[in-house]
Amino acid sequence: MGSLVSSLLGGGEIAEAAPSSSDPSRVMPFHSSARWQLHFNNSKDSSQLMVIDFAASWCGPCKFIEPAVHAMASKFTDVDFAKIDVDELPDVAQEFRVQAMPTFVLVKKGKEVDRVVGVKKDELEKKIEKHRALQPSS
């Protein structure tokens, strides 16, 4: 499978499919730990699902799945999508025990409810559908 992914990523066409500036993405990138902490703390009071995409600029599989993540963010407008570059914010990646990329952590009210490791678009989409539909138990 590695050679398949490598051949798909070879020309860089996948990265080109990411939304352009004229097509604003609903995936919010974080470049500072303080800004991330503020956003994360604010989300703890909400029952809205947050999907945190842990990736790296040099990670081929991360670039491969990026267009699918942007498509999911457009489809699931009731879900908060965040992106963390593990090299920029290693403390955040460590806090969420990220050991491989891409890793998608699904969070509700500040607690991890699920996780997908790797380029598993269908699994990620199913888990988003499952957790966004759940009503808060209060």
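Nothing here was measured: the structure is a model prediction, and the numbers come from that model. One-based numbering along the sequence shown.
The cluster map of Ile, Leu, Val, Met, Phe, Trp and Tyr, joined by side-chain heavy atoms under 4.5 Å apart, puts Met101 and Ile65 in different clusters. Cluster membership for Phe30 and Val98, using ILVMFWY side-chain heavy atoms within less than 4.5 angstrom, is shared. Cluster membership for Ile84 and Phe81, using ILVMFWY side-chain heavy atoms within less than 4.5 angstrom, is not shared. Val92 and Val86 fall within the same hydrophobic cluster, where Ile, Leu, Val, Met, Phe, Trp and Tyr residues are linked whenever their side-chain heavy atoms come under 4.5 Å apart, directly or through other members. The same ILVMFWY cluster, assembled from side-chain heavy atoms under 4.5 Å apart, contains both Leu106 and Val79.
Residue pairs meeting the disulfide bond (SG atoms under 2.5 Å apart) criterion with at least one partner in residues 75-133, sequence neighbours excluded, are absent. Listed by first and then second residue, the salt bridge (Lys or Arg N to Asp or Glu O under 4.0 Å) pairs that reach into residues 91-103 are Arg97-Glu112, sequence neighbours excluded. Sorted by first and then second residue, the salt bridge (Lys or Arg N to Asp or Glu O under 4.0 Å) pairs involving residues 30-40 (not counting sequence neighbours) form an empty list. Legend: disulfide bond (SG atoms under 2.5 Å apart) pairs involving residues 60-101, not counting sequence neighbours, sorted by first then second residue: Cys59-Cys62.
In terms of heavy atoms, Ala68 sits closest to Lys121 at CB-CD, 3.6 Å. Residues Lys120 and Val116 share a closest heavy-atom pair of CB-CG1, 3.9 Å.
Applying the salt bridge (charged side-chain N to carboxylate O under 4.0 Å, His left out) rule to Lys75 yields the partners Glu125, Glu129; only residues at least two apart in sequence or on another chain are considered. Applying the salt bridge (charged side-chain N to carboxylate O under 4.0 Å, His left out) criterion to Lys127, with sequence neighbours excluded, gives Asp114, Glu123. Contacts of Asp80 classified as salt bridge (charged side-chain N to carboxylate O under 4.0 Å, His left out), with partners at least two apart in sequence or in another chain: none. The ring-ring contact (aromatic ring centres under 6.0 Å, His included) search around Phe40 returns Trp36, Phe96, not counting sequence neighbours. When the ring-ring contact (aromatic ring centres under 6.0 Å, His included) test is applied to His31, no partner is found at least two apart in sequence or on another chain. Residues that satisfy the ring-ring contact (aromatic ring centres under 6.0 Å, His included) test with Phe76, not counting sequence neighbours, are absent from this structure. A search for salt bridge (charged side-chain N to carboxylate O under 4.0 Å, His left out) contacts involving Asp122 returns nothing, not counting sequence neighbours.
In this structure, Gln48 places its CD atom where more than 12 heavy-atom neighbours from other residues, nucleotides or ligands lie under 6.0 Å away. Within 6.0 Å of NZ in Lys126 there are 12 or fewer heavy atoms belonging to other residues, nucleotides or ligands.
In this structure, the side chains of Leu124 and Ile128 come closer than 4.5 Å at one or more pairs of heavy atoms. With contacts defined as side-chain heavy-atom distances shorter than 4.5 Å, the pair His70/Arg26 does not qualify. Contact annotation: the side chain of Val113 never approaches that of Val107 to less than 4.5 Å [non-hydrogen atoms, C-beta and beyond]. Within the 4.5 Å cutoff, side-chain heavy atoms of Met28 are placed close to those of His39. Proximity of Pro29 to Asp85: side-chain heavy atoms (C-beta onward) are nowhere separated by under 4.5 Å.
Atom CD of Gln37 sits about 10.0 Å away from atom CG of Leu89, to the nearest 0.5 Å.
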query = When you look at Ser46 and Lys109, which way does the side-chain contact (heavy atoms from CB on, under 4.5 Å) test go after all the steps?
reply = CA-CA 6 Å; Ser46 168; Lys109 293 196 174 223; over 6 Å; no
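Counting only distance, with no hydrogens or angles, the side chain of Thr103 and the backbone of Ala100 share a donor-acceptor pair below 3.5 Å.
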Expected list for residues 50-58: side-chain donor-acceptor pairs under 3.5 angstrom, two or more places apart:
unit_1	atom_1	unit_2	atom_2	d
Trp58	NE1	Asp87	OD2	2.6

